[in-house]
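Below: the structure, in structure tokens.
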Amino acid sequence: VAAPPRHILHVDMDAFFAAIVQRDRPELRGRPVLIGGDGPRSVVSTASYEARVFGCHSAMPMAQAKRLCPQAIIVGVPGEAIRVASAQVFGILEHYTPMVQPVSVDEAYLDVTGSARLLGDAVTIARKLKSEILTTLHLTASVGVAPNKFLAKLASDLNKPDGLTVIEPQRVQAILDPLPMGKIPGVGPAQSARLSKIGVKTIGDLRQTPRQLLGQWFGAEHADHLIRLANGQDDHPVADDREAKSIGQEQTFGVDVEDAHEVRGVLLQQCEQVGRRLRKHGVAAQTVTVKIRYGDFETITRAATLPEPTDLTDDLWHAGRAIFDRWASASFRPVRLIGITASKLTPAGQVQHSLFADPQREKKQALDRTLDTIAGKFGKRAIGRAGPDRKS
Ligand SMILES: [Mg+2]
């Protein structure tokens with residue numbers, strides 16, 4: 001029995017960090033901007049579209065980007081502005097469906113299958129959502145509309161910036177076949193190069209390759225996975241947090257990031273988003289797990305148990321940062337992926353706070369509420385206030 005058709009959106013903000021900076025500093029509009037640190041080992045977090053013309057892109061060493069575009073203006077990662085804008089973006093997305101799966105601070109999957117009756121078809125929803133983000137936040141998003149997550153993500157990337165790309169079920173193969181192998185998640189540059197040598201250059205080539213041969217190269221399981229994707233099939237659900245046993249966030253970098261401070265900045269943003277999701281669902285977490293992956297795919301996880309369950313961003317950050325710093329000071333290696341997960345969830349209302357509860361707790365709660373409110377604002381230009389400096 002065929003599953004009923006789904007309508008999935010992938011929303012990806014355009015050059016998010018750079019766009020925020022150019023929005024807030026009009027003198028930088030139309031000029032090449034590189035977001036990131038300016039140290040010898042710094043990496044570009046985001047290049048504005050004006051800088052991309054010169055070949056600069058995210059994950060590139062800053063020194064290399066500066067050689068390509070000496071006139072670029074370098075701006076440090078605007079952490080607080082990103083956290084506010086990200087909360088605002090997710091606040092908007094959640095008005096179109098409760099089924100929102102965050103991928104990073106500026107990227108999410110939405111299942112809008114159930115929203116059609118109230119809000120219109122998937123393309124109408126994509127259009128509304130883009131225009132609301134633009135008028136409310138003065139930022140642009142690219143949106144892919146497709147029957148599944150794999151195709152929706154692929155689509156959002158096809159017409160950046162400010163794109164709206166629809167892959168109708170009957171056009172799937174026509175769109176997929178000419179694309180390079182590297183468009184399939186999990187097929188890295190090394191694997192693409194190897195496949196290319198034996199004539200498998202495009203997704204169409206892959207689709208024509210006998211299953212048995214692919215099985216010899218990749219192992220049967222991975223081969224089956226690749227064949228499904230090459231045929232545009234992906235039945236992964238959009239995983240929102242309602243039934244979750246844990247709530248987490250992770251990000252893969254394009255290169256190994258050598259600057260611990262930059263990795264930490266990403267970890268802080270992840271804590272902010274995980275905290276917001278805990279509060280939204282009325283749950284508190286007692287375990288915080290940090291995941292770190294190196295370039296060779298070796299992965300470590302380190303967990304901490306909190307004295308009592310919490311839904312405060314600051315508590316998550318305190319625990320996550322302690323884990324990260326302990327690891328970084330003892331055995332730092334360039335990082336390919338960083339992630340944080342909150343687990344052992346209990347309803348927040350049932351948490352008994354001890355007599356020795358954090359005296360700052362109310363202040364921290366107020367700050368979280370402020371950011372959550374900003375996230376929940378609808379159709380108004382929300383104004384963020386800077387929180388206390390949480391970087392140590
Ligand atoms: Mg983006």
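Just so you know, ligand 1 is whichever comes first in the structure, and atom 1 is the first atom listed for that ligand. Since the model is a prediction, treat every value here as computed from it, not as a measurement. Just so you know, residue 1 is the first one in the sequence shown, and it goes up from there.
Atom CZ of Arg31 has 12 or fewer neighbouring heavy atoms from other residues, nucleotides or ligands inside a 6.0 Å radius.
With 2.8 Å as the limit, Met13 counts as an N, O or S neighbour of the Mg ion (ligand 1). Among the backbone and side-chain atoms of Glu107, none of the N, O or S atoms lies under 2.8 Å from the Mg ion (ligand 1). The Mg ion (ligand 1) lies at 2.8 Å or more from every N, O or S atom belonging to Asp14.
A salt bridge does not link Arg279 with Asp311: none of the charged nitrogens is closer than 4.0 Å to a carboxylate oxygen. Of the charged side-chain nitrogens involved, at least one lies within less than 4.0 Å of a carboxylate oxygen, so that Arg333 and Asp296 count as a salt-bridged pair. Between Lys160 and Asp14 there is a salt bridge, since a side-chain N of the basic residue sits under 4.0 Å from a carboxylate O of the acidic one.
Taking the six-membered ring for Trp and thresholds of 30 and 60 degrees, Phe324 and Phe332 have ring planes more than 60 degrees apart, a perpendicular arrangement.
The minimum distance between the Mg ion (ligand 1) and any N, O or S atom of Asp106 involves atom OD2. Shortest distance from the Mg ion (ligand 1) to Asp12 is reached at OD1 (N/O/S atoms only).
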